[in-house]
Amino acid sequence: MKKKIIFNHNFVNGWGDTFLCVFDILNCIDFLKKNFDDFEIIYTINDVYNVGTLDKVLNLEFLNSFVDRFEILINPELIHLNNGFTTYKNITYKRIYSGRNDNVINNTPGTFDVFVLESDFDEIKNKSIPFIDFTFNDIDDRPKDFDIFNKELVNRCDEFIEKNFKDGFDSIFYRSLNPINESKMDSFVSVLENTLDQEQYYFMCSNSSVIKKKLMDSKIKIKLFRDLDNHDFNHIPNGFVNLGQTIDDALFAVGELIILSMGKHIYYSGEITNISLFNWYAMNIKKVKLVNL
């Protein structure tokens with residue numbers, strides 16, 4: 001009889017963090033499928049705040065075909081931790097791995113968590129599955145690609161590129177905070193004007209419409225997937241799903257994430273000290289070069 005193994009992560013952060021978790025899990029599952037034939041693999045995502053956007057951006061057909069069972073969980077079916085144990089479909093499982101969390105018996109979710117039946121725990125532990133190898137870094141050339149994005153959304157991105165960039169393109173990405181830092185924005189625009197080809201069009205994305213307007217008024221030519229008609233001037237989507245993210249926010253954000261992965265370079269700056277994980281798929285999966293300005 002096959003041994004049940006559950007991969008779970010919480011959908012609570014931004015899309016960059018979310019897709020990093022998805023690729024952590026899918027790469028690890030791919031390893032299991034290629035090296036072991038005695039697992040029944042279950043993949044669950046806790047939609048903790050019942051945002052209801054995951055099915056609009058994920059390729060459910062692929063995910064359902066890739067594992068034995070895939071589910072997006074909402075209350076009260078969420079996978080909860082209880083001193084290293086959880087209950088799923090009225091069956092108790094024990095946590096065997098927790099990403100970026102050294103204590104598997106605490107009640108803190110890892111970046112992703114792996115659970116097995118307690119009766120199988122020692123046997124699976126002795127297999128020495130290298131789960132940590134699939135807890136990928138911010139910059140990491142190891143992960144493989146998978147067909148995870150909703151086909152309808154990918155088609156929208158393809159149509160946008162076909163309409164605006166027939167011969168390839170570079171991108172501009174600015175990550176803003178609230179309140180915005182207009183001085184930093186102005187400095188970024190100035191750097192771009194002195195760096196980029198002013199005869200070329202660039203794909204531009206940002207969570208702030210203010211920087212979009214500044215670039216539209218500059219010497220840089222840009223094309224927008226989420227244009228100013230669809231981006232309220234006072235709205236700065238920060239990615240965190242517990243703060244009122246709408247379906248439109250999700251579709252525009254994930255669409256921009258996909259489009260970034262289809263270009264050649266990303267000219268990046270922002271009001272955070274670290275590089276946004278929103279670039280993670282483009283940099284690490286699609287090998288798009290990031291230019292940090």
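Computed from a predicted model, the values in this text were never measured in an experiment.
A salt bridge links Lys286 with Asp145: at least one charged nitrogen is closer than 4.0 Å to a carboxylate oxygen. Comment: Lys289 does not engage Asp170 in a salt bridge, judged by the lack of any side-chain N to carboxylate O separation of less than 4.0 angstrom. One finds a salt bridge joining Asp249 and Arg226 here, because a Lys/Arg side-chain nitrogen approaches an Asp/Glu carboxylate oxygen to under 4.0 Å. Note on Asp147 versus Lys151: salt bridge recorded, some NZ/NE/NH1/NH2 to OD/OE distance being below 4.0 Å. Between Asp113 and Arg95 a salt bridge is recorded (basic side-chain N to carboxylate O distance below 4.0 Å). In this structure, Asp120 does not pair ionically with Lys3, as no charged nitrogen and carboxylate oxygen lie closer than 4.0 Å. Taking a cutoff of 4.0 Å between a charged side-chain nitrogen and a carboxylate oxygen, Glu162 and Lys166 qualify as a salt bridge.
The number of heavy-atom neighbours closer than 6.0 Å to CD1 of Ile91, taken from other residues, nucleotides and ligands shown, is above 12. Counting non-hydrogen atoms of other residues, nucleotides and ligands closer than 6.0 Å to NZ of Lys213 gives a total of 12 or fewer. Heavy-atom neighbours of Ile272 CD1 from other residues, nucleotides or ligands within 6.0 Å: above the threshold of 12. Heavy atoms of other residues, nucleotides or ligands lying less than 6.0 angstrom from CG of Asn126 number more than 12. Around atom CG of Leu177, more than 12 heavy atoms belonging to other residues, nucleotides or ligands sit under 6.0 Å away. Surrounding CD of Glu61 are at most 12 heavy atoms belonging to other residues, nucleotides or ligands under 6.0 Å away.
Using cut-offs of 30° and 60° for the angle between ring planes, the Tyr174 and Phe188 rings count as tilted. Between Tyr268 and Phe173, the two ring planes are tilted [angle within 30° to 60°]. Ring-plane geometry between Phe11 and Trp15 is classed as tilted, the angle between the planes lying from 30 to 60 degrees on a 0 to 90 degree scale. Ring pair Phe149/Phe19 is tilted by interplanar angle, where 30° to 60° counts as tilted.
Under the 4.5 Å side-chain contact rule for hydrophobic residues, Phe85 and Leu73 do not share a cluster.
Remark: the Asn8 side chain and the Thr44 side chain contain an N/O donor-acceptor pair separated by less than 3.5 Å. With no hydrogens or angles considered, no side-chain donor-acceptor pair links Tyr202 and His265 at under 3.5 Å.
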key: Verdict with supporting geometry, Tyr43 and Phe66, ring-ring contact (aromatic ring centres under 6.0 Å, His included)   = CA-CA 10 Å; Tyr43 176 17; Phe66 192 68; 9.0 Å; no
ask   = Step by step, would you call Phe23 with Tyr281 a ring-ring contact (aromatic ring centres under 6.0 Å, His included)?
value = CA-CA 9 Å; Phe23 278 96; Tyr281 178 72; 5.5 Å; yes
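Using a 4.5 Å cut-off on side-chain heavy atoms (C-beta onward), Lys2 and Phe39 make no contact. Using a 4.5 Å heavy-atom threshold, the side chains of Lys33 and Val67 count as separate.
Aromatic ring centroids of Phe131 and Tyr97 lie under 6.0 Å apart.
Partner Tyr88 forms a side chain to side chain donor-acceptor pair (under 3.5 Å) with one of Lys4, Glu77, Glu71 and no other, that one being Glu71.
The line from CG of Asn279 to CG of Leu290 is 5.0 Å long, rounded to the nearest 0.5 Å.
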